[in-house]
Structure formats: structure tokens, C-alpha cells
2 protein chains.
Amino acid sequence: MKHGFVKGRRVWHGGAMVSRKSSPRPAPRATAAPSSAAIQKRTRQQHAQERAEDYVEAIADLIAGSGEARATDLAKSLGVTHVTVIRTVQRLQREGLVTTQPYRSIFLTPSGRKLAAEAKARHETVAEFLESLGVPQATARADAEGIEHHVSPATIAAFRRFLATGG
Amino acid sequence: MKHGFVKGRRVWHGGAMVSRKSSPRPAPRATAAPSSAAIQKRTRQQHAQERAEDYVEAIADLIAGSGEARATDLAKSLGVTHVTVIRTVQRLQREGLVTTQPYRSIFLTPSGRKLAAEAKARHETVAEFLESLGVPQATARADAEGIEHHVSPATIAAFRRFLATGG
DNA sequence: CCAAGAATGTAGCAAAAGCTACATTGATTG
DNA sequence: CAATCAATGTAGCTTTTGCTACATTCTTGG
């Protein structure tokens, strides 16, 4: 059932070696279950969701800071060109997270605001947590940007617990 | 210099309102510097690097577990189809991280092994750290998968420190 | 008011990573 | 040894997010 060579020698997988004979239908093969199970939905939607959070959070920050979010400032804030911003904002509008009109700045819808608030809260927690561990502030903030999208509620809760009990 | 409306009222940015007159050249505009500075090189290369690490780590795990890494098992381990695996493995081969031949399994080059080892070490550290914080093991492992690519050496060091001093 | 220039928008390209459907290869089994 | 079928590979599509180059719009300074 398995085939393959390792330096010329034939090998089999994980010792499973299920008998195809015993079950007419192939049946779910007992393949060596990978240790790091990769339940990860690493589809494009995952990245799209992260982008969406980055954008709404940046938009919220810009609005909080200067009253409006313009494509150019957003581009600067996110480190991409304004073209990319415009196209991504179009997608976000399609998804109901933001509203915008030609030559006008960008606003968050209620659900966009909600998402931004959640993302920001996670972001803050992660950053504070890393700082409390002794990571330099600049590094902590930079890492938090990358990490925030991948922490489950349970992990965020653990971070908060740690901070609360005098990290 | 700035334009835009907020609920019909005109607003300006951050109070900067630089005088274009005083300096003939526009000069670096004092745009409201975004708080979350986004030094992030969020280019495609970033994602490509993460994919590469995921792949070499999974390949290393498969080799460690069953002596070889085949496209199908890799696909299962990573949660994608074998087609995606084959194409990505082609890229990795182009980049000198793996070697493979038609209808043969996949091997790591020395640099691939190095990358896999680094990724695995980070992964382990992150997972152990999360567990030591009280995050359930399954969740910790899942989160570590996502987080490991975004932790700087400084943060990893902080995690190790924490673990060493009796987390 | 109008010209300059910033901001915004459009067109078109590339790369990466996902997919389905189909073709080919090769190891196992009867 | 030949047929079967898993494993591998190819073709071709899609979406997302980058980019450059160019076009359009709008604000503003003179």
C-alpha cells in the first residue's frame, strides 16, 4: 500500500499497514497521524481575515487620531501603496466592514468598529503581556502585530490572568 | 493640503497643517504618525517564508516519524491537497531547501534541515511556554503553530527565561 | 479663477497558494 | 504477470495582495 525508498531501502509507514483486503472499501486509512495536527484552516480566508483586522484597526486608529482615515495615510500606516489600500478597502466594503465613496475618506460600519475594537483589545493585551515579560517595548509592539491574529481566546485569557496576578 | 469630510464638516489632520509655502519642496509631510508603526514587511515574501518554515518542519517531522516525506502525507499533515504540496515543494526546491525527484519522496537539504530545526525549536518553546501559562495543551499547540512565525528572538528569549525560572 | 500638485482611482502585470479534473506512474495483489 | 489503485504529476482556473504606470479629481495657493 505504501511505497517509497529511503537510500534505496524500502520502508513502510508508521507500522499501520492496514489490510485493504479485510475491508472492501478502502476505509479511512490509518496513516501516520502527523504530530502537529494542522487543524489550521490555512485557506485564503484566514489571511483575508487577518488583513481585514489589520485594516479596520488601522482605520480606527487614524480616525481616533485625526478624525478621518484617508487612503494615503492608511497606505503609509500599513506599509503598502495606496493602490493596494484602495483595492483592499473595496473588498472590506463588499464585506460590510467599511463604507467609502469616491474621493472621500473611509469609515467603519458598526461591524467594522466591532472587529476593530476586538482586534485592538487583543493587540493591547498581547503587547502588554510581552512587555511584562521583559521584551523591549518596540519589539513587543512589533511582535504583537504579528501574533495577535493567532492567539485563541484561551491564550488571551491566560495572558490577562498573568497580567492580573502581578506579571 | 488635506481634504476630507467628517459628517459633512471639513477637518484637518493632526493639527500639523504644514505650510507648503514656506518650503518650496513639499518636504516630508508631518502626517499623523500611525501609532502602530507598521515596520512590518508584510510583502509576499513574508508569507512565503512562513510557508517554507511550515513545510520544512512538516517534512522533518515526517522523516523523523516514518523515514520519508511523501507528498500525500505532507498534504494531509498540512491540510491542503497534494497538488498544492507539489507546487510549493517545487518552489522550495528552487530555493534550495528541499530536493525531490519525480515519483520520489522529499528530502531536506542542509539549509532546509537548518531552517526546520530553527522553526521546530521556536515552535517547541512557544508551545511549552503557553502550556506553562495554563493554556490547555491542544490549544497551546494550535496557537503555537500560528504564533511561531511572528516571535522575534528577543521574545523567544523572554519565553525561555520564563520557563527557566520556574514558569 | 486657475494652475499646480496632492490625493484618489484605473489598468494591467506578477507571484503565491488554494482548488478540481484529468493523466501518468509504479507498487501490490491476486 | 497483469490489473488495480494509490501516489504522483499536469493543466487550468480563482482569489488575494503586491507592484508600476498612468488618468482623473479635488483642494489650495497665488
Side-chain angles (χ1 to χ4, degrees), chain A residues 1-5 10-13 17-22 24-27 29 31 40-52 54-55 68-76 78-92 94-95 100-106, chain B residues 1-5 10-13 17-29 31 40-52 54-55 68-76 78-92 94-95 100-106:
Chain A
M1 174 167 199
K2 306 293 187 180
H3 66 288
F5 294 88
R10 196 163 295 170
V11 297
W12 280 265
H13 288 258
M17 204 54 202
V18 297
S19 160
R20 182 142 47 85
K21 201 176 186 178
S22 59
R25 283 277 147 159
R29 293 171 293 109
T31 310
Q40 315 177 35
K41 283 279 191 308
R42 68 176 57 218
T43 61
R44 257 167 279 124
Q45 297 187 17
Q46 179 63 32
H47 284 309
Q49 174 66 12
E50 295 175 20
R51 281 290 128 73
D54 285 343
Y55 270 73
E68 68 172 352
R70 300 182 312 152
T72 305
D73 296 337
L74 200 45
K76 227 166 276 181
L78 294 166
V80 299
T81 65
H82 78 277
V83 184
T84 300
V85 165
I86 285 169
R87 264 230 311 268
T88 304
V89 163
Q90 284 171 351
R91 173 171 75 80
L92 298 183
R94 230 169 36 229
E95 293 169 0
T100 183
Q101 291 178 338
Y103 296 97
R104 286 287 173 272
S105 56
I106 303 150
Chain B
M1 175 167 200
K2 307 293 188 181
H3 67 287
F5 294 88
R10 196 164 295 168
V11 296
W12 281 266
H13 287 261
M17 204 50 202
V18 296
S19 160
R20 182 143 46 87
K21 202 179 189 178
S22 59
S23 56
R25 282 276 145 162
R29 292 172 294 106
T31 310
Q40 315 177 36
K41 286 279 191 277
R42 69 175 55 218
T43 61
R44 258 168 276 123
Q45 297 188 19
Q46 179 62 32
H47 284 311
Q49 174 66 13
E50 294 174 22
R51 283 288 129 72
D54 285 343
Y55 271 73
E68 67 171 354
R70 299 182 313 151
T72 305
D73 295 337
L74 201 43
K76 224 166 278 180
L78 294 166
V80 299
T81 65
H82 79 277
V83 184
T84 299
V85 165
I86 285 169
R87 264 233 310 271
T88 303
V89 163
Q90 284 171 351
R91 173 170 76 80
L92 298 183
R94 226 164 45 225
E95 295 171 358
T100 184
Q101 291 178 338
Y103 296 98
R104 285 288 172 272
S105 57
I106 302 151

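Throughout, a chain's letter reflects where its sequence line sits, starting with A, and its residues are numbered from 1.
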Sugar-phosphate, base or nothing in reach of B/R91, heavy atoms under 4.0 Å: sugar-phosphate
Whole angstrom value for the distance that separates C1' of D/dT15 from CD of A/E95: 12 Å
Value rounded to 0.5 Å, distance of OG1 in B/T81 from NZ in B/K76: 12.5 Å
Gap between atoms CG and C1', on A/D73 and C/dA7 respectively (whole Å): 10 Å
Side chains of A/T88 and A/L78 in contact at under 4.5 Å (non-hydrogen atoms): no
D/dT17 OP1/OP2 closer than 4.0 Å to side-chain N/O of A/R87: no
Rounded distance (Å) that lies between atom P of D/dA7 and atom CZ of B/R70: 5 Å
Sugar-phosphate only, base, or nothing, as touched by A/Q101 at under 4.0 Å among non-hydrogen atoms: sugar-phosphate
Rounded interatomic separation in angstrom, taking CZ from A/R104 and P from D/dT27: 6 Å
Phosphate-side-chain proximity, A/T84 and D/dC19, N/O vs OP1/OP2 below 4.0 Å: yes
Result of checking B/V80, B/I86, B/T84 against B/H82 for side chain to side chain contact (heavy atoms under 4.5 Å, CB included): B/I86
A/T72 vs C/dT8: side-chain N/O to OP1/OP2 distance below 4.0 Å: yes
Distance-minimising heavy-atom pair for A/Y55 and A/L92: CB-CD1, 3.5 Å
Closest-nucleotide 5' rank along DNA chain C - winner of B/A52 and A/V83: A/V83
Between C1' of D/dC26 and OH of A/Y103, the distance in whole Å: 8 Å
Protein-nucleotide distance (B/L74, atom CG; C/dA17, atom C1'), rounded to Å: 14 Å
N or O in side chain of B/R94 less than 4.0 angstrom from C/dA16 OP1/OP2: yes
Residue-phosphate contact under 4.0 Å: A/Q90 side-chain N/O, C/dT10 OP1/OP2: yes
5' priority, DNA chain C, between B/V85 and B/H82 [closest heavy atom]: B/V85
Heavy-atom pair of closest approach, residues A/A69 and A/S105: O-CB, 3.0 Å
Whole angstrom value for the distance that separates P of C/dG18 from CG of B/D54: 10 Å
Protein-nucleotide distance (A/E68, atom CD; D/dC26, atom C1'), rounded to Å: 13 Å
